[in-house]
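Note sheet for the following structure.
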Number of protein chains: 2
Amino acid sequence: MHIAELARIIKERRKVLGINQEQLSELTEIGLRTIKGLEAGKTNPTLHTISTILDVLGLTLEIKTKK
Amino acid sequence: MHIAELARIIKERRKVLGINQEQLSELTEIGLRTIKGLEAGKTNPTLHTISTILDVLGLTLEIKTKK
DNA sequence: AAGTAAAGAGCACTACAATGCACATAGCAG
DNA sequence: CTGCTATGTGCATTGTAGTGCTCTTTACTT
């Protein structure tokens with residue numbers, strides 16, 4: 001999992017749910033500037049930021065054995 | 001996925017593979033102090049740190065739809 | 001109990017994530 | 001082409017992740 005892939009998944013999921021970055025910022029209580037930077041692939045987000053956003057989007061992080 | 005759970009998974013997997021924190025630090029090129037802090041659940045690691053460690057441990061991060 | 005190896009923690013420093021604000025750019029409806 | 005809305009970005013600030021060094025604590029072995 002790299003940053004570009006995470007950014008893509010979050011952005012796509014957000015659009016499927018029909019909300020914009022500002023609404024996602026309010027729902028997650030994560031700064032709008034942070035959401036923008038993350039979706040644009042410009043930052044290396046922390047676990048807290050990632051899991052909070054995924055949670056609001058109805059997604060979860062899982063760890064699997066590499067095949 | 002929260003920090004304590006990630007710490008537990010990484011620590012257990014590392015022991016299964018029979019390596020210590022110092023060896024994991026060398027294999028991942030991530031500072032020993034960072035590995036120690038992460039496994040002790042004292043930090044909020046970045047995606048780069050998490051994915052690099054999981055990769056060396058033969059694990060991968062996946063994003064799933066919450067059930 | 002004593003010795004050794006591994007893990008945890010304090011301190012100080014650097015780099016950068018998170019943040020708000022303001023402005024720029026892209027996309028889309030008319 | 002013109003607005004309008006959403007997304008992207010530059011700048012400055014604050015907090016903290018990542019790091020090495022050193023010391024303490026824990027765990028295992030004899």
Check your understanding: Of all residues at least two apart in sequence or in a different chain, which pass the side-chain hydrogen bond (donor to acceptor under 3.5 Å, both in side chains) check with B/Thr43?
Key ->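 Residues passing side-chain hydrogen bond (donor to acceptor under 3.5 Å, both in side chains) with B/Thr43: none at all.
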
Exercise for review: For A/Asn20, enumerate each residue passing the side-chain hydrogen bond (donor to acceptor under 3.5 Å, both in side chains) test, keeping only those at least two apart in sequence or located in another chain.
Suggested key: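 Listed in chain order: nothing, the list is empty.
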
Check your understanding: In B/S/- notation, 5' to 3', how is nucleotides 24-30 of chain D contacted by protein heavy atoms closer than 4.0 Å?
Key -> -------

Check your understanding: Along nucleotides 23-30 of chain C, 5' to 3', which nucleotides get a B, which get an S, and which get a -, given that the test is a protein heavy-atom distance under 4.0 Å?
Key -> --------

Point-to-point distance, once rounded to the nearest 0.5 Å, from [atom1] of [X] to [atom2] of [Y]:
X: A/Leu47; Y: B/His2; atom1: CG; atom2: NE2; value: 9.5 Å
X: A/Ile10; Y: A/Leu38; atom1: CD1; atom2: CG; value: 5.0 Å
X: B/Ile53; Y: B/Thr28; atom1: CD1; atom2: OG1; value: 5.5 Å
X: B/Leu6; Y: B/Leu61; atom1: CG; atom2: CG; value: 7.5 Å
X: A/Leu59; Y: A/Leu17; atom1: CG; atom2: CG; value: 8.0 Å
X: A/Leu54; Y: B/Ile63; atom1: CG; atom2: CD1; value: 5.0 Å

Exercise for review: Heavy atoms only: give me the nearest A/Gln23-A/Gly18 pair and the separation to one decimal.
Suggested key: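 In terms of heavy atoms, the two residues are closest at OE1-O, 4.1 Å.
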
Point to revise | Heavy-atom pair with the smallest gap, counting every atom of B/Ala7 and B/Gly41 | key: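 Minimum heavy-atom separation between B/Ala7 and B/Gly41: CB-N, 4.3 Å.
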
In this structure, how many angstroms lie between the [atom2] atom of [N] and the [atom1] atom of [X], rounded?
X: A/Leu24; N: D/dG8; atom1: CG; atom2: P; answer: 12 Å
X: A/Lys36; N: D/dT5; atom1: NZ; atom2: C1'; answer: 11 Å
X: B/Asn20; N: C/dT4; atom1: CG; atom2: C1'; answer: 14 Å
X: B/Ile19; N: C/dA6; atom1: CD1; atom2: P; answer: 12 Å

Review point. Going by heavy atoms closer than 4.0 Å, what residues in residues 8-15 of chain A are next to DNA chain D?
Key: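 Output list: A/Lys11, A/Arg14.
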
Check your understanding: Is there side-chain contact between A/Leu57 and A/Ile9, with heavy atoms separated by less than 4.5 Å?
Key ->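 They are not in side-chain contact.
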
Distances for protein N or O near nucleotides 16-19 of chain D N or O, under 3.5 Å:
{"from": "D/dG18", "atom 1": "OP1", "to": "B/Thr46", "atom 2": "N", "distance (Å)": "3.1"}
{"from": "D/dG18", "atom 1": "OP1", "to": "B/Thr46", "atom 2": "OG1", "distance (Å)": "3.2"}
{"from": "D/dG18", "atom 1": "OP1", "to": "B/Thr49", "atom 2": "OG1", "distance (Å)": "2.4"}
{"from": "D/dT19", "atom 1": "OP2", "to": "B/Gly31", "atom 2": "N", "distance (Å)": "3.0"}
{"from": "D/dT19", "atom 1": "OP2", "to": "B/Thr34", "atom 2": "OG1", "distance (Å)": "2.7"}

Can you give the donor-acceptor pairs under 3.5 Å from side chains of residues 29-37 of chain B to other protein atoms, not counting sequence neighbours?
{"from": "B/Lys36", "atom 1": "NZ", "to": "B/Gln21", "atom 2": "OE1", "distance (Å)": "3.2"}

Exercise for review: Kindly calculate the angle separating the two end axes of the helix from C/dA1-D/dT30 to C/dG30-D/dC1, each obtained from five base pairs, and round it to 10 degrees.
Suggested key: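 About 60°, once rounded to a multiple of 10°.
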
Hey, could you give me each pair passing salt bridge (charged side-chain N to carboxylate O under 4.0 Å, His left out) that has a residue in [range]? Not counting sequence neighbours.
range: residues 16-27 of chain B; result: none
range: residues 45-63 of chain A; result: A/Asp55-B/Lys66, A/Glu62-A/Lys64
range: residues 43-52 of chain A; result: none
range: residues 2-15 of chain A; result: A/Arg8-A/Glu12, A/Arg14-A/Glu39

Exercise for review: Look at B/Gln23 and C/dA6 and indicate whether a side-chain polar atom (N or O) is within less than 4.0 Å of OP1 or OP2.
Suggested key: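 B/Gln23 to C/dA6 OP1/OP2: no side-chain N or O under 4.0 Å.
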
**Study point:** OP1 or OP2 of D/dT5 under 4.0 Å from side-chain N/O of A/Gln21
**Key:**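 False: A/Gln21 side-chain N/O out of range (4.0 Å or more) of D/dT5 OP1/OP2.
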
